[in-house]
Every structure is written in structure tokens, then in C-alpha cells.
Amino acid sequence: DAKTTQPPSMDCAEGRAANLPCNHSTISGNEYVYWYRQIHSQGPQYIIHGLKNNETNEMASLIITEDRKSSTLILPHATLRDTAVYYCIAATSYDYKLSFGAGTTVTVRA
Amino acid sequence: EPEVTQTPSHQVTQMGQEVILRCVPISNHLYFYWYRQILGQKVEFLVSFYNNEISEKSEIFDDQFSVERPDGSNFTLKIRSTKLEDSAMYFCASSVGGAVNTEAFFGQGTRLTVV
């Protein structure tokens with residue numbers, strides 16, 4: 001699986017958009033980008049995933065660059081409940097496992 | 001909303017004892033997983049399970065570990081002879097499809113403390 005690189009931490013203001021970057025410069029053509037988050041040692045929670053196109057769901061948007069070497073997860077209106085560790089993971093569609101890294105600790109401040 | 005449930009939430013055991021961690025996956029899911037997270041460290045994959053067989057396992061999942069789906073609803077992780085270093089949060093997960101392309105739903109975890 002391609003290695004992903006994320007900043008260790010970031011702060012954002014409540015009500016503002018949170019933009020979480022992820023670098024995956026060695027990603028292969030058949031690897032998807034997945035985002036999960038973990039709120040205070042609870043079980044990880046799926047957020048979104050994508051291959052090439054930008055994706056949006058009720059939780060977030062995923063913007064993938066055209067060369068697929070990086071992506072950004074956007075939480076449109078961050079709330080205090082979005083404080084969590086966010087993981088960016090690259091994996092193929094036939095991988096059975098998720099390889100979690102250290103992630104980005106996002107703190108949403110009032 | 002359907003959820004993965006794990007019991008117990010916290011288990012304390014003596015070193016060398018056997019422990020069984022239990023999970024009830026979401027009812028229509030076919031693929032099941034165990035992950036663990038040692039305090040302050042990354043979430044680590046242990047094993048995936050489908051059709052009563054292990055699909056994939058990590059190096060961590062040695063002969064001390066086993067998984068079973070004893071009936072139509074439970075999925076268990078057994079550690080035969082626990083060591084201090086097995087102390088961790090153990091997460092069960094399930095998904096409809098087998099690959100990570102389908103959303104994996106995680107339980108809230110069982111905190112295992114080996115003393």
C-alpha cells in the first residue's frame with residue numbers, strides 16, 4: 001500500500017471549514033484514498049473514500065488532485081464533536097485490511 | 001442505526017490466562033475483522049474473516065490468537081495465553097463487502113488489561 005503523510009496536528013475554529021491535507025505521492029492507479037476518524041479512543045469511523053473524482057457525502061468532501069499525489073478532506077462546518085484523529089489511508093479495492101498511520105489530531109476550538 | 005457491539009467493554013486478566021473477546025457484527029455483513037490499538041499507538045490490523053475462514057492475518061496474529069464464528073451472530077477473538085504486551089484496545093469491525101472498498105463499521109472496543 002502507498003504510504004500517506006499527514007500533518008500531526010491542526011486546529012480549527014468551530015463553524016469554519018476544516019481542510020485536512022494528505023500526501024500520497026506513490027499511490028498506484030488502483031489504490032483508493034480512504035478517510036476514517038477516531039474520536040477519543042472509540043472505534044474508527046468511516047468518513048469517505050475516492051479514487052479519482054471528488055466525492056461528497058453528508059459528513060465531508062474529498063478533493064483529489066488530478067495527479068492523485070495528494071488529497072484534502074474538507075469538513076464544511078466543523079463542530080466541537082469533530083475533534084478527533086483523522087486517518088488518510090491508501091488501499092486497493094481488493095485489500096482486506098486498513099493500514100492506519102498516526103493520522104492528524106484535529107482540535108476544533110470554540 | 002445498526003452497530004457492531006463488543007463485550008466486555010473492559011477485561012482484566014492474569015498473564016498466562018486465556019481470554020475471549022466477543023463481537024456481534026451487523027446482521028447482514030459477511031466480512032469480519034479484528035484490530036488492536038496499544039495505548040498511544042496506531043490502530044493495527046490483526047485478522048480478516050469470511051465464510052468461516054481467515055482471509056488475511058498480520059504478523060501479530062500468531063498461534064496464540066484464534067478467531068471463530070461459533071453461531072450466526074457472534075464473532076470471537078481468543079488469546080490463548082495472554083502476555084503483558086497483549087494489553088490493548090481490541091476493535092471488532094464488519095463490512096458488507098470484503099475489500100476496504102466497502103465501509104467498515106467498528107465497534108466501541110474492548111480494553112484488555114493483562115496484569
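By convention in this document, chain letters (A, B, ...) are assigned in the order of the sequence lines, proteins followed by strands, and residues within each chain are numbered from 1.
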Side-chain contact, heavy-atom cut-off 4.5 Å: [X] with [Y]?
X        : Y        : value
A:Tyr87  : B:Val43  : yes
A:Tyr34  : B:Glu103 : no
B:Phe106 : A:Tyr36  : yes

Once you round to the nearest 0.5 Å, how far does OG of A:Ser41 lie from CZ of B:Arg111?
6.0 Å

For the atom pair CZ (B:Phe91) and CD (A:Gln38), what is the distance rounded to the nearest 0.5 Å?
5.0 Å

According to a 4.5 Å side-chain heavy-atom criterion applied to Ile, Leu, Val, Met, Phe, Trp and Tyr, with indirect links allowed, do [X] and [Y] form part of one hydrophobic cluster?
X       : Y        : result
B:Leu84 : B:Leu39  : no
B:Phe32 : B:Ile60  : yes
A:Ile48 : B:Phe105 : no
B:Leu77 : B:Tyr33  : no
B:Met89 : B:Val24  : no

Should we say atom [atom1] of [X] is surrounded by more than 12 heavy atoms from elsewhere, each under 6.0 Å from it?
X       : atom1 : answer
A:His77 : NE2   : no
B:Glu59 : CD    : no
A:Leu80 : CG    : yes
B:Asp62 : CG    : yes

Just so I understand: if I count every heavy-atom pair under 4.5 Å between each of B:Ser55, B:Cys92, B:Ser58 and chain A, which residue has the most?
B:Ser55

Side-chain donor/acceptor of B:Tyr35 to backbone N/O of A:Gly43, under 3.5 Å
no

Members of residues 8-16 of chain A whose heavy atoms come closer than 4.5 Å to chain B
none

Heavy-atom distance under 4.5 Å to chain A: side chain of B:Gln37, backbone, both or neither?
side chain

